[in-house]
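Data first, discussion second: the structure below is written as structure tokens.
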Amino acid sequence: MRRRSLLIAVPAGLVTLAACGDEDSGPSSADDSATPEASATSAAPPPKIVDGPLPAITAGTKFDEKPTVAKGSGEPSKDLAVKTVIAGGGKAVAENDFVVANYLGQIWQSAKVFDNSYDRKTPLVIQLAQGSIIDGWRYALTGKKTGSRVQFSVPPTWGYGKQGNEDAGIKATDTLVFVVDVQNTFNAKASAKGEEVPQGDAKLPKVGTNTDGKAPSIEVPKADAPKKLVANYVLEGDGAEVGAQDSVLVQYKGVVWDGGKEFDSTYGRKQLTSFSLQQVVKGWAQGLTGKKVGSRVLIVIPPDLGYGDSPPQGSGIEKDSTLVFSVDILAKM
């Protein structure tokens, strides 16, 4: 199982589709490592942002190359030192966005690398929200554009605070140095951007192809629901294929086949959702496995691959219902 980032404070998002049906426990990435909870640093006042000092990047100087960073020289700033090493020209990152980024983190005093995503060959996907990630990241990356490499140093106040992070070898007095390559950013209006695929089967629901961040329409035909799982592209992206062990970041909307009533939607909540395919109903896991990032997918889930005779309480889903979803796969984690 892949190792989860040490930066994450709590799992991002709650999913009503979790196979266990427990609404109080959010999905977590498929890994065994513990993650630190949000510390008292989350209540710290906003830092003053300064230009330096920051140690030199001595190798891996191109965007998305694993960097080598020198040991810090002298005393680090007690403020948040931030430098845009490579200026990107993409979308600006806003607080509460989900960012996709490769990164390396090390300790100022020793240059000991305590975490990096480059070796895992999987970028971090994390929400820049209070309680989801250390505050230094929120303040350093807000306003930066995708395609940028950002270097910053984080004093304990906006890092792991007085308790440090024993698992990572970070003491309470350690200032942390990060190099972050910002690949993408997503907000509540994010949408799939793939190529439109014909929807010619009149016996299947038709899903809207709008890419303006608004919820797509789902038109359910007056016909018998299929007995087997349906998972078809509406918009086909060109990203990596989703694996059965992956976690994904999505927009989705769900309706019941009989009557077409909506019962769940990230659009309505104005909040993207991330979850592991190991923690959702079988129809979702099977329907999204093998599909490409950047796609919109129609999934029709028969009762035996959905909730069967035990739908979540208060969901508005009747027993043995066939469920219809439009799912935008924004990123895999």
Side-chain angles (χ1 to χ4, degrees), residues 5-9 12 41-42 44-57 60-70 72 76-106 108 113 115-118 120 122-155 157-160 175-191 193 213 239 249 271-272 274 293-294 330-333:
S5 164
L6 291 165
L7 298 168
I8 302 173
T41 59
S42 292
K48 179 181 178 181
I49 296 178
V50 297
D51 294 334
L54 287 166
I57 300 173
T61 58
K62 295 180 181 179
F63 181 81
D64 229 23
E65 284 186 339
K66 179 183 176 182
T68 300
V69 183
S77 175
K78 296 186 183 302
D79 299 312
L80 186 68
V82 183
K83 178 182 179 181
T84 300
V85 181
I86 299 172
K91 297 176 289 185
V93 175
E95 188 166 359
N96 294 317
D97 280 4
F98 282 83
V99 294
V100 182
N102 271 319
Y103 69 97
L104 177 140
Q106 67 183 47
W108 176 282
V113 175
D115 198 13
N116 90 89
S117 65
Y118 301 92
R120 293 194 289 271
T122 302
L124 173 70
V125 181
I126 185 68
Q127 189 177 22
L128 292 186
Q130 189 176 53
S132 292
I133 196 167
I134 59 174
D135 283 346
W137 270 60
R138 292 198 297 122
Y139 292 114
L141 295 183
T142 296
K144 303 302 183 185
K145 293 184 177 181
T146 57
S148 295
R149 166 167 285 192
V150 184
Q151 183 183 17
F152 51 98
S153 66
V154 181
T157 301
W158 298 282
Y160 292 103
T175 289
L176 311 179
V177 178
F178 291 97
V179 176
V180 179
D181 290 321
V182 184
Q183 297 181 352
N184 213 336
T185 188
F186 299 100
N187 60 27
K189 295 181 179 179
S191 175
K193 301 292 185 182
L249 176 68
Q271 175 64 61
L272 304 180
S274 62
V293 173
L330 302 176
K332 76 171 186 174
M333 307 161 72

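Residue numbers start at 1 and run along the sequence shown.
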Pairwise distance CZ(F186) to CG(L272) - rounded to 0.5 angstrom:
8.5 Å

To the closest 0.5 Å, what do you measure between CD1 (I133) and CD (Q127)?
10.0 Å

Start with the C-alpha gap between Y103 and D115, add the side-chain angles, then the distance that decides, and say whether side-chain contact (heavy atoms from CB on, under 4.5 Å) holds.
CA-CA 8 Å; Y103 69 97; D115 198 13; 2.8 Å; yes

Do L176 and Y160 have side-chain heavy atoms sitting under 4.5 Å apart?
yes

Are W137 and V180 side-chain neighbours, meaning at least one heavy-atom pair lies under 4.5 Å?
yes

How far apart are the C-alpha atoms of L141 and F178, what are their side-chain angles, what is the distance that settles it, and do they pass the side-chain contact (heavy atoms from CB on, under 4.5 Å) test?
CA-CA 11 Å; L141 295 183; F178 291 97; over 6 Å; no

Salt bridge or not between K62 and D181? Use side-chain N to carboxylate O under 4.0 Å.
no

At what distance, to the nearest 0.5 angstrom, does CG of L104 lie from OH of Y118?
7.0 Å

Heavy-atom side-chain proximity of R149 to P67 below 4.5 angstrom
yes

Report all side-chain donor-acceptor pairs from residues 88-95 shorter than 3.5 Å, counting only partners two or more places apart or in another chain.
{"from": "K91", "atom 1": "NZ", "to": "N184", "atom 2": "OD1", "distance (Å)": "3.1"}
{"from": "K91", "atom 1": "NZ", "to": "T185", "atom 2": "O", "distance (Å)": "2.9"}
{"from": "E95", "atom 1": "OE2", "to": "R138", "atom 2": "NH1", "distance (Å)": "2.2"}

Would you name the heavy atoms of G52 and A81 that are closest together and state the gap between them?
CA-CB, 3.8 Å

List in chain and number order the residues that pass side chain to side chain contact (heavy atoms under 4.5 Å, CB included) with A87, two or more places apart in sequence or in another chain; answer none if no residue qualifies.
T84

What distance do K144 atom NZ and I86 atom CD1 have between them, rounded to the nearest 0.5 Å?
13.0 Å

Apply the side chain to side chain contact (heavy atoms under 4.5 Å, CB included) test between Q183 and each candidate in L124, N102, T146, V125; give the one that qualifies.
N102

Do the side chains of S132 and F98 get nearer than 4.5 Å, heavy atoms only?
no

NZ-CG distance between K83 and L54, expressed to the nearest 0.5 angstrom
7.0 Å

Rounded distance [0.5 Å steps], CD in Q106 versus OG in S153
11.5 Å

Give the minimum heavy-atom separation between A190 and L330, together with the two atoms involved.
CB-CD1, 3.8 Å

If we ignore hydrogens and angles and just use 3.5 Å, is the side chain of S77 paired with the main-chain N or O of D79 as donor and acceptor?
yes

Report yes if some heavy atom in the side chain of N187 is under 4.5 Å from a heavy atom in the side chain of N96; otherwise report no.
no

For P55 and Q151, the nearest pair of non-hydrogen atoms, with its separation, is O-NE2, 2.8 Å

Minimum heavy-atom separation for A44 to W158, with atom names?
CB-NE1, 3.8 Å

Tightest non-hydrogen contact, residues A331 and V293, listed as CA-CG1, 3.8 Å

K145 atom NZ, over 12 foreign heavy atoms within 6.0 Å:
no

